[in-house]
Amino acid sequence: MQGNEIWNKVLKGLKWFLHSYIWIFVIFFACDLTTKLCIVNNMNPGDSITLIPSWNSAKPFLAITYTVNTNAAFSFGVGSHLANRIFYSIIATCGFIIIVTFFIWKYKKLHGVVKACLMLMAVGALGNLVDRLFYSAAFLKAPENGVVDWIDFAVIWPFIFNIADSCVVIGVIIMIVYLIVDEVKTVKAKRKAEIKEHGEKVLSKEELSRLEGQGAASEDINEEEDKHGVEGK
């Protein structure tokens with residue numbers, strides 16, 4: 001009996017883990033951390049390995065190029081290295097907390113898509129934060145501490161990035177699409193509720209303006225017909 005209770009608790013915990021989408025964070029965070037360590041341990045800054053050559057350019061279509069980015073994502077930053085390290089560490093942490101707080105406040109119960117997007121954003125924030133806080137310049141074999149970037153689409157994209165950067169971009173794009181779709185659904189649901197409540201079609205401002213214009217045009221036609229009828233008599 002006690003064994004069954006333990007097993008039920010294990011299953012309940014696994015179910016919560018799956019529905020929390022934390023496994024997305026674990027998988028991608030582990031991939032980001034592992035790939036960066038492999039790059040640092042086997043390459044020097046500036047080294048590049050071509051994976052897919054380009055058909056019409058001397059630059060490779062896809063390469064592994066080890067760079068140490070002392071700025072933010074896609075090399076955005078300010079002049080001071082120390083200011084970058086402190087500023088973007090704080091921004092990454094605070095930004096993620098604000099985003100999570102907003103969605104919990106707005107939706108109360110988060111949709112699976114929102115949870116997945118938040119986990120991807122967490123990978124982006126914490127993945128690069130680890131580099132800034134725990135990787136020294138000596139460990140990175142670079143003059144300064146920074147974020148390890150290595151994914152290089154040299155032909156089509158001028159910036160070198162990593163898995164954490166990719167997670168942020170993908171999470172934000174999916175989140176924007178979800179918010180747009182959710183807003184459209186909300187408007188349609190509100191529209192249907194108004195129609196059901198009033199028992200007739202509720203006209204929008206545009207529809208009312210169009211009907212008023214049609215009514216005015218009909219009145220003008222009727223006046224013209226009456227005028228012609230009087231003249232005919």
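The minimum heavy-atom distance between Cys167 and Leu120, with the atom names listed, is CB-O, 3.3 Å. Pairing each heavy atom of Lys36 with each of Gly127, the nearest pair is NZ-O, 3.3 Å. Shortest non-hydrogen contact noted between Val155 and Pro60 is CG2-O, 3.4 Å. Looking at every heavy atom in both residues, Pro45 comes nearest to Ala142 through CG-CB, 4.3 Å. What you find for Met119 and Ile22 is that their closest heavy atoms are SD-CA, 3.9 Å. The two residues Trp150 and Ile160 have their closest heavy-atom pair at N-CG2, 3.6 Å.
For the atom pair CG (Asp152) and CD1 (Ile49), the distance works out to 12.0 Å, reported to the nearest 0.5 Å. Between atom CG of residue Leu126 and atom CG of residue Leu133 there is a gap of 10.0 Å, rounded to the nearest 0.5 Å. Separating the CD1 atom in Ile163 from the CG atom in Asn128 is a distance of 11.0 Å, to the nearest 0.5 Å. The structure places CG of Asp47 at 9.0 Å from OG1 of Thr65, a figure rounded to the nearest 0.5 Å. In this structure, CD1 on Ile24 lies 10.5 Å from CG on Leu118, to the nearest 0.5 angstrom. Summarising the geometry, atom CE belonging to Met175 is positioned 13.5 Å from atom CD1 belonging to Ile170; distances are rounded to the nearest 0.5 Å.
When side chains are defined from C-beta on, Asp165 counts as touching Asp149, because their heavy atoms get closer than 4.5 Å. Looking only at side-chain heavy atoms (C-beta outward), Tyr66 and Val40 come within less than 4.5 Å of each other. Residues Phe161 and Val169 have side chains not in contact (no heavy-atom distance under 4.5 Å, counting atoms from C-beta outward). Residues Thr35 and Asn162 are not in side-chain contact: their nearest non-hydrogen atoms beyond the backbone lie 4.5 Å or more apart. Contact of the Val68 side chain with the Lys141 side chain is not registered, since no non-hydrogen atoms from C-beta on lie closer than 4.5 Å.
A side-chain donor-acceptor contact under 3.5 Å links Asn145 to the backbone of Asp131. A donor-acceptor contact shorter than 3.5 Å links the side chain of Trp23 to the backbone of Leu18. Panel note: side chain Asp182, backbone Tyr178; no donor-acceptor pair is recorded below 3.5 Å.
Other residues, nucleotides and ligands place more than 12 heavy atoms under 6.0 Å from the CZ atom of Phe25. Atom NZ of Lys115 sits in a crowded spot, with more than 12 heavy atoms from other residues, nucleotides or ligands closer than 6.0 Å.
In the hydrophobic cluster analysis, where Ile, Leu, Val, Met, Phe, Trp and Tyr join through side-chain heavy atoms closer than 4.5 angstrom, Tyr21 is grouped together with Trp16. Tracing side-chain contacts under 4.5 Å through hydrophobic residues (I, L, V, M, F, W, Y), one reaches Val148 starting from Phe134; they form part of the same cluster.
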Problem set entry | Residue pair Leu37, Tyr135: steps toward the side-chain contact (heavy atoms from CB on, under 4.5 Å) verdict | CA-CA 10 Å; Leu37 290 176; Tyr135 293 170; 3.4 Å; yes
For this session: Start with the C-alpha gap between Ile151 and Leu62, add the side-chain angles, then the distance that decides, and say whether side-chain contact (heavy atoms from CB on, under 4.5 Å) holds.
Result: CA-CA 8 Å; Ile151 304 174; Leu62 174 61; 4.3 Å; yes
